[in-house]
Each structure stands twice: as C-alpha cells, then as structure tokens.
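Both ligands and their constituent atoms are indexed starting at 1 by order of listing. If you're wondering where the values come from, they're calculated on a predicted model, not measured in any experiment.
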Amino acid sequence: MSSYKTQKTPGNTEWFVKDRFGMFIHWGLYSMPARHEWIKSMEKISEEKYDKYFKYFDPDMFDAKEWAKKAKESGMKYAVFTTKHHEGFCMFDSAYTDYKCTNTAAGRDLVREYVDAFRAEGLKVGFYYSLIDWHHPEFPLDHIHPRRSDANAYEISKDRDITKYAEYMRNQVTELLTNYGKIDILWFDFSYSGAVQPQSWMKGKGKDDWEAEKLIALARSLQPGIIIDNRTEIDQDIRTPEQYQPQEWVRNPNTGELAVWEACQTFSGSWGYHRDESTWKSPEMLLQMLITTVSLGGNLLMNVGPTSRGYLDHRAEKALKVYADWMKYNSRSIYNCTMAEPEFKAPFGCRFTQSNDEKRLYIHLFDYPYSFLELPGLAGKVDYAQFLHDGSELLFLEKSPGHFSEGQTQSENLLVIKLPHVKPDVIIPVIEVFLK
Ligand code: GLC
C-alpha cells in the first residue's frame with residue numbers, strides 16, 4: 001500500500017481516490033446568453049431581462065444517456081451536475097420554488113434524467129448546489145449580487161432574511177438527497193465571508209449565513225458516506241482547487257495533513273457554455289492536467305458546459321475525445337494510482353504515478369527524450385518495462401556513471417531505458433515499469 005496517509009474525513013472517499021477522474025457539468029439558463037455562467041452578475045442583468053431565458057429555455061436535444069456514454073468513453077468514473085447555480089434556477093422539480101425546469105419548455109426533471117443515465121452507465125453521481133442565489137427573494141444583496149448597484153439596492157435588501165434562505169436550502173437539499181436514490185457527492189459552492197463590500201450594510205457570506213453545520217448534518221443524516229466539499233467554509237471530505245495546477249499534494253492548511261483533493265478545470269475558462277470563447281486548451285494541456293494531478297495524489301473534475309439545446313458542442317466533443325483516445329490505452333496509470341513513493345523522483349519532462357499496491361511505476365513522457373531516458377536511482381529496482389499503450393518491451397541498462405555518451409546524468413544507480421527515436425503516436429506516451 002502507498003505510504004501516503006491522508007487526513008481522516010467523515011465521508012467515504014475510498015472509491016473516490018481510486019476513480020481519479022470525473023465530469024463536471026455546468027448547465028442552466030446561463031447557457032442561453034452563452035457568455036459565462038456569472039453573466040447575470042457581470043452584466044447586472046435585470047430580473048425582467050433574465051426572465052426571458054426562463055421563458056424560452058428549451059433543451060429539445062438533451063439526451064442524458066448520450067452524455068453519460070461520452071463521460072464513460074472519456075474514462076470518467078463519476079460526475080457532478082449543477083442542480084442549481086448562482087442564478088438560482090433549479091434543474092429539478094423542487095416543491096419550494098416555481099423557478100425550475102419543469103415550468104419551462106423542458107417540462108421534465110433534468111436532474112432525474114442525469115441521475116438515471118449516469119447511474120445506468122455505472123458512474124457515480126454527484127450534485128453541485130450553489131449556496132449563492134441571485135433569484136431568491138430572501139437572499140441579501142452583496143458585492144457580487146446582480147442588483148448591487150441599483151439605486152434602490154438598500155431598499156431591496158434591507159428586509160431580506162437569510163435564515164429563511166438557509167431553510168430553503170435545507171429543504172432543497174432534503175429533496176435532492178431523498179428523491180434520487182444514492183448520491184455520492186454533494187458539492188456546495190461557495191463562501192466569501194471575508195470579501196470587501198462596496199456598501200457598509202452589505203455583508204460577505206459564509207458558514208454562519210448558510211447555517212452550514214446544520215446543512216451538513218442534514219446531508220449526512222440522509223446520505224451517510226456522501227462526500228462533501230469544503231466550500232461551505234467547514235472542512236469536510238475534499239479540497240477543491242479551481243482553474244490552477246497545484247505544484248504539490250494539497251494539504252489541510254490548519255493541520256498540515258495531506259488532504260483528499262480534486263482539481264476542477266475547464267476546457268476554455270468558462271464553466272457554462274460560452275459561444276465566443278476561443279481559448280480552448282490544447283490536447284497536451286488536457287492530458288497534462290489529468291496526469292500531473294494524479295501524480296500529486298489528486299483527482300481531476302473536468303468540466304463541460306452543454307448548449308441550451310442540451311448537447312455538447314463540437315469543441316467539447318473534440319476535447320472529450322482526447323481523453324477517450326488516451327484513456328483507452330493508458331488508464332492503468334490513472335485509476336488506482338497516486339503519487340509515486342518518495343524514493344522515486346521524476347526526471348526533467350516526466351511525471352510519475354504509482355499503483356496503490358506499489359508494484360508498478362508509471363513514467364509519463366511530457367518531453368520525449370529520444371533514444372534514452374535516464375532514471376537516476378532506479379537501477380536494481382526494475383524487473384520489466386514496457387510502453388503502456390501497446391505493451392511492447394522497453395530494454396534497459398543498469399550502468400555506473402561514465403558509461404554512456406557525454407553529458408549523461410552523473411548519478412549512482414542510473415537506469416537507462418532505451419526508447420525508439422521517434423515518439424510513438426500517443427500524445428503523452430507512458431512507460432509501465434514493473435518493480436522488483
Ligand atoms: C466558482 C464559480 C462558479 C463555478 C465554480 C466551479 O466558484 O463561482 O461559476 O461553478 O467555481 O468550481
């Protein structure tokens with residue numbers, strides 16, 4: 001067993017750290033303006049105007065089974081779906097609001113279709129639930145609320161009672177965790193109690209406003225074992241670095257212990273469908289994000305933002321295909337793998353992962369080193385080596401320093417793997433090393 005011990009948490013993360021790769025799905029009314037899921041706040045869009053999206057939302061091409069199939073083909077083992085984002089629109093049939101998909105042309109419970117389809121493909125099922133709500137009449141205004149600069153902002157906000165909103169959240173979380181069978185992850189988003197406010201009467205929001213302790217206790221009573229994130233401002237099972245690549249295993253900042261962590265990333269910077277965004281990540285970047293994350297003991301939750309008609313556009317399909325093609329042959333270096341033991345140090349241009357049973361080391365070649373890969377410290381430890389994608393043998397030499405041509409690494413116990421000069425037709429080739 002891997003020697004890395006993560007902090008104990010209340011939920012069951014055993015499956016999670018084996019599965020490693022999930023699909024985030026950001027889908028809501030914001031897929032219609034198609035210029036970021038925060039659009040209501042960014043452009044301070046009025047209720048009347050935003051209501052147009054409610055009026056015309058019609059996901060006529062939504063086929064949850066197709067999404068589930070794509071997620072599975074891409075090597076993803078679980079998913080997290082936005083049941084409600086900051087705009088407040090509910091993608092499920094809630095008894096506590098009219099602002100829900102069943103009252104649009106969709107005419108049906110979209111969360112249910114998601115749950116059924118993903119579960120049928122054998123994927124674990126998670127819910128994202130926004131703590132922020134820019135539609136709810138009891139949600140007080142603050143620095144990110146769409147109404148923050150209205151002339152009558154104070155008047156709008158002054159009688160709002162956040163305890164009523166906290167109760168609304170408990171009611172909805174009860175619905176979500178009661179009506180859809182076993183739910184594996186609950187992803188709350190997000191807190192900002194310390195945020196500087198433009199008006200003295202405004203207040204950032206955090207665990208006390210959400211009554212997070214109660215909310216979490218409720219969730220745990222309904223779904224024991226469920227994984228909950230840390231964005232209520234109360235540490236639970238997972239830490240969730242967003243849109244950046246941690247450089248080391250993420251720790252609990254309070255205790256210093258290794259955390260169970262999950263990076264969340266986008267294809268193009270926006271979480272919701274963004275029609276005109278053109279900074280889509282390259283295939284290399286997509287794969288590197290997954291590999292580097294697992295090489296540091298983390299999971300990757302990769303986001304798709306479906307169109308308002310309910311399908312994944314060609315750019316998202318292309319990006320998913322990158323994962324599908326690579327994972328088809330290389331998933332062994334991802335599932336059931338974690339950071340390599342400290343004795344194994346990855347050389348320049350490589351990332352290591354190691355199987356949980358410690359028997360196999362995986363060398364990911366971000367920079368293809370041509371004829372030789374020099375691995376200081378590995379001589380005497382390797383029984384057999386092969387390319388993972390085709391299971392073809394890779395010969396290796398164990399020599400003392402000075403044997404090879406000039407400029408080689410001066411190191412004790414140097415192991416040198418001989419490689420074909422030309423990189424195989426795999427975006428990131430992987431060497432599978434069977435350790436002695
Ligand atoms: C942020 C954003 C949000 C997105 C989320 C994903 O907190 O507010 O739009 O859903 O991160 O991590």
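In this structure, the ring of Trp67 has its center less than 6.0 angstrom from the ring center of Phe62. Side-chain rings of Tyr323 and Phe21 approach one another, their centers coming within less than 6.0 Å. Within the 6.0 Å centre-distance limit, the rings of His85 and Tyr128 are counted as a close aromatic pair.
Looking only at protein heavy atoms, the nearest one to atom 5 (C) of ligand 1 is Asp189 OD2, 3.3 Å. In this structure, atom 2 (C) of ligand 1 lies nearest to the protein heavy atom Trp38 NE1, 3.4 Å. Of all protein heavy atoms, the one closest to atom 4 (C) of ligand 1 is His26 NE2, 3.4 Å. Closest to atom 9 (O) of ligand 1 among all protein heavy atoms lies Glu37 OE2, 2.5 Å. For atom 3 (C) of ligand 1, the closest non-hydrogen atom of the protein is His85 NE2, 3.5 Å.
By the 6.0 Å contact criterion, OH on Tyr329 is open, its count of non-hydrogen atoms from other residues, nucleotides or ligands being 12 or less.
Between Trp271 and ligand 1, a contact under 3.5 Å exists for no N or O pair.
Here is the list of ligand 1 atoms found below 4.0 Å of a heavy atom in Tyr128: 10 (O). Atoms of ligand 1 lying under 4.0 Å from any heavy atom of His86, numbered from 1 in the order shown and given with element: 2 (C), 3 (C), 8 (O). Proximity to Cys264 (heavy-atom distance under 4.0 Å) selects the following atoms of ligand 1: 12 (O).
Residue contacts with ligand 1 for Tyr30 are absent, since no atom lies close enough (heavy atoms, distance under 4.0 Å).
Remark: Lys203 engages Asp209 in a side chain to side chain donor-acceptor pair (under 3.5 Å) (not counting sequence neighbours).
Comment: Glu43 does not engage Lys49 in a salt bridge, judged by the lack of any side-chain N to carboxylate O separation of less than 4.0 angstrom. Using a 4.0 Å cut-off between charged nitrogen and carboxylate oxygen, Lys40 and Glu87 do not count as a salt-bridge pair.
Contact annotation: the side chain of Val196 never approaches that of His143 to less than 4.5 Å [non-hydrogen atoms, C-beta and beyond].
Using a 4.0 Å heavy-atom cutoff, Trp187 is listed among the residues neighbouring ligand 1.
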